[in-house]
**Student:** 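Have a look at this one.
Residue numbers start from 1 in every chain, and the chains themselves are labelled A, B, ... in the order their sequence lines are given, proteins ahead of strands.
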Protein chains: 2
Amino acid sequence: MSKKATRDEIIAAADDLFYRRGFEKTSFADIAGVVKISRGNFYHHFKTKDEILDAVIEKRLADRQAMLDKWEIDGQTPEDRIRSFIDILIVNGEKIKRYGCPIGTLTSELAKLNHAAQGEANKLFTVFRTWLKRQFEVLGRKDDADELAMHLLARSQGAATLANAYQDDAFIARELESMYAWLRDCAAGVNKRQRAEM
Amino acid sequence: MSKKATRDEIIAAADDLFYRRGFEKTSFADIAGVVKISRGNFYHHFKTKDEILDAVIEKRLADRQAMLDKWEIDGQTPEDRIRSFIDILIVNGEKIKRYGCPIGTLTSELAKLNHAAQGEANKLFTVFRTWLKRQFEVLGRKDDADELAMHLLARSQGAATLANAYQDDAFIARELESMYAWLRDCAAGVNKRQRAEM
DNA sequence: TTGTTTTTAGGACAAGCGTCCCAATTCGTC
DNA sequence: GACGAATTGGGACGCTTGTCCTAAAAACAA
């Protein structure tokens, strides 16, 4: 097999295992078992485990960016597109209930390991943050677009964390409804704080 | 030294290390280094690493419960008390920025490890959930008290996760303000969805 | 003081880890 | 088919891990 094909298989297997078991817990042997190559052969593709992590983060960045680019075409309005982001909790619901958010759990783990790739992993959040910011801008919320983006990211992360802990579909449904409602308010140009001050 | 005193020192050291480095990454040697006892001596206090984890979770449960019980006395109104919960993000702000939420990150890690103590760790969330639920009941939201408790837990978790990733004080301040405003609305008996439907 | 129990230190152990080497195999090109 | 390069499998390496044993020290009881 060509070098690149094997390399991509390793990255795909590592991506999956890092998500399901965590980076630290996943060993070379685990990945080799999935890809069905010998452990020794690894060194020809990746010199260290950290190099695999870098490649996995790179792949995740590309995957997420591709997904957002696709939404940019599919979604008619920025509100539609932001709703697609919220709906990740549905589309990936089963995996999130089992393993949490792939981005949030990775950044948390790397923060605890004080790992050099922390900065790269945080870019995963930033990809969504930047994209959401732009959607809110198009939506007409130019002044607080980044704040709204961060807020929605936080809401989504919180829902994912508790979905993982409790596996409660009713809770997830309520959080989704609540985020939809919040988004409608955003689109109407009225944010929660302004209303509270009325 | 008495057996219990040493045992408590081990638990305290493990509690701290599990939080800062994660359960998996923390070794017997790490804990022994902090407590300054020999590695071999461990077996006399804990037969397995999982037993230490159980003890750490037990301690965290007791600590949190004690904190909540204290708030029950200190806080004049249920709104005051719930505000104390929100303010954890300020009081433990520096640690949360560095290591994330001690509860959320532990449950996430144990979920990935598929660890037997998952259920016990989730009780940490439930301690807060139950307490918050009661506060909302006293606040006069008897019908949706548990829903409100879960929602606030999620908001808090999300804020902690992004605080850990970005270490952005302005973001944390905004999330706090937003949660305060939400709480005021709750106290006024009007939740966000009802308002959005007006 | 003597004898018993509790607590300790140090190290052995088998297993798993990331890393690395090297000889054999496969591949692509002439 | 032959040859150099790319790719592979198997295993060695030094280290760390959780676990466990044993003998010495300390604490306590009589």
Side-chain angles (χ1 to χ4, degrees), chain A residues 1-58 106 109-110 112-118 120-121, chain B residues 1-58 106 109-110 112-118 120-121:
Chain A
M1 201 182 328
S2 80
K3 181 165 181 175
K4 187 176 182 314
T6 305
R7 190 189 149 92
D8 286 348
E9 276 192 50
I10 293 173
I11 295 171
D15 186 11
D16 181 54
L17 287 168
F18 288 176
Y19 175 39
R20 285 177 18 228
R21 304 188 190 173
F23 168 70
E24 186 75 16
K25 190 72 193 302
T26 301
S27 68
F28 274 60
D30 292 333
I31 303 170
V34 173
V35 184
K36 292 198 179 82
I37 60 170
S38 68
R39 276 168 8 269
N41 193 9
F42 254 107
Y43 195 65
H44 189 251
H45 298 278
F46 296 97
K47 274 200 267 290
T48 65
K49 197 181 173 185
D50 289 348
E51 273 187 27
I52 304 184
L53 176 61
D54 289 340
V56 166
I57 293 174
E58 199 179 331
L106 179 65
E109 183 179 2
L110 296 185
K112 283 200 199 287
L113 297 177
N114 210 1
H115 196 282
Q118 270 180 84
E120 282 303 304
Chain B
M1 203 183 323
S2 80
K3 182 164 180 176
K4 187 177 182 314
T6 305
R7 190 188 149 92
D8 286 349
E9 274 191 51
I10 292 173
I11 295 172
D15 186 10
D16 182 55
L17 287 168
F18 288 176
Y19 176 36
R20 287 180 13 231
R21 305 188 190 172
F23 168 69
E24 187 75 13
K25 189 73 192 304
T26 302
S27 69
F28 275 59
D30 292 333
I31 303 171
V34 173
V35 184
K36 290 197 179 83
I37 59 171
S38 69
R39 278 171 2 273
N41 193 10
F42 254 108
Y43 195 66
H44 189 251
H45 298 278
F46 296 97
K47 274 201 265 290
T48 67
K49 198 181 172 186
D50 289 348
E51 273 188 25
I52 304 184
L53 177 60
D54 289 340
V56 165
I57 294 174
E58 199 179 332
L106 179 65
E109 182 180 2
L110 296 186
K112 284 200 197 290
L113 297 177
N114 209 3
H115 197 284
Q118 270 180 86
E120 283 302 305

**Student:** Expressed in angstrom and rounded to an integer, what is the separation of A/Ile31 atom CD1 from C/dG16 atom P?
**Tutor:** 17 Å
**Student:** Which whole-number value in Å describes the distance from A/Glu24 CD to D/dT17 C1'?
**Tutor:** 12 Å
**Student:** Side chain of B/Ala29, heavy atoms from C-beta onward: which of C/dC17, D/dG9, D/dT17 has the nearest atom to it?
**Tutor:** D/dT17
**Student:** Picking from D/dG9, C/dT19, D/dT19, which would you name as closest to the side chain of A/Ile37?
**Tutor:** D/dG9
**Student:** For the pair made of CD in B/Glu51 and P in D/dT19, what is the distance, rounded to whole Å?
**Tutor:** 9 Å
**Student:** Any side-chain heavy atom of A/Asn41 within less than 4.5 Å of one from A/Ile10?
**Tutor:** no
**Student:** Send over the distance from A/Lys47 NZ to C/dC21 P, rounded to a whole Å.
**Tutor:** 11 Å
**Student:** Look at the side chain of B/Thr6 and decide which nucleotide, out of D/dG9, C/dT8, C/dG18, has an atom nearest to it.
**Tutor:** C/dT8
**Student:** For the backbone of B/Ser27 and the side chain of B/Asp30, can you confirm whether one donor and one acceptor N or O come within less than 3.5 Å of each other?
**Tutor:** yes
**Student:** Does B/Tyr43 put a side-chain nitrogen or oxygen below 4.0 Å from OP1 or OP2 of D/dC20?
**Tutor:** yes
**Student:** Determine: side-chain N/O of B/His45 to OP1/OP2 of C/dT8, distance under 4.0 Å, yes or no.
**Tutor:** yes
**Student:** In whole Å, I'd like the distance from the NZ atom of B/Lys36 to the P atom of C/dG10.
**Tutor:** 15 Å
**Student:** From C-beta outward on B/Arg39, which listed nucleotide comes closest to its side chain: D/dG10, C/dT19, C/dA12?
**Tutor:** C/dA12
**Student:** For the atom pair CG (B/Asp16) and OG1 (B/Thr26), what is the distance rounded to the nearest 0.5 Å?
**Tutor:** 9.0 Å
**Student:** How long is the gap from CD on A/Glu120 to CD on A/Glu58, to the nearest 0.5 Å?
**Tutor:** 8.5 Å
**Student:** Whole Å only: how far is the NE2 atom of A/His44 from the P atom of D/dG10?
**Tutor:** 17 Å
**Student:** Could you give the CD1-to-C1' distance, from A/Ile10 to D/dG9, as a whole number of Å?
**Tutor:** 14 Å
**Student:** So which atom in A/Phe28 and which in A/Phe42 form the shortest heavy-atom distance, rounded to 0.1 Å?
**Tutor:** O-CE1, 3.4 Å
**Student:** Counting side-chain heavy atoms from CB outward, which of D/dG18, D/dG9, D/dT8 is closest to B/Ser27?
**Tutor:** D/dG18
**Student:** Counting only side-chain heavy atoms from C-beta out, which of D/dC20, C/dG10, C/dT19 sits nearest to A/Thr48?
**Tutor:** C/dT19
**Student:** Less than 4.0 angstrom between a side-chain N/O of A/Asn41 and OP1 or OP2 of D/dT7, yes or no?
**Tutor:** no
**Student:** From CZ of B/Phe46 over to C1' of C/dT7, roughly how many Å is that when rounded to an integer?
**Tutor:** 15 Å
**Student:** Which nucleotide in the list D/dG18, C/dG18, D/dG9 gets nearest to the side chain of A/Phe28?
**Tutor:** C/dG18
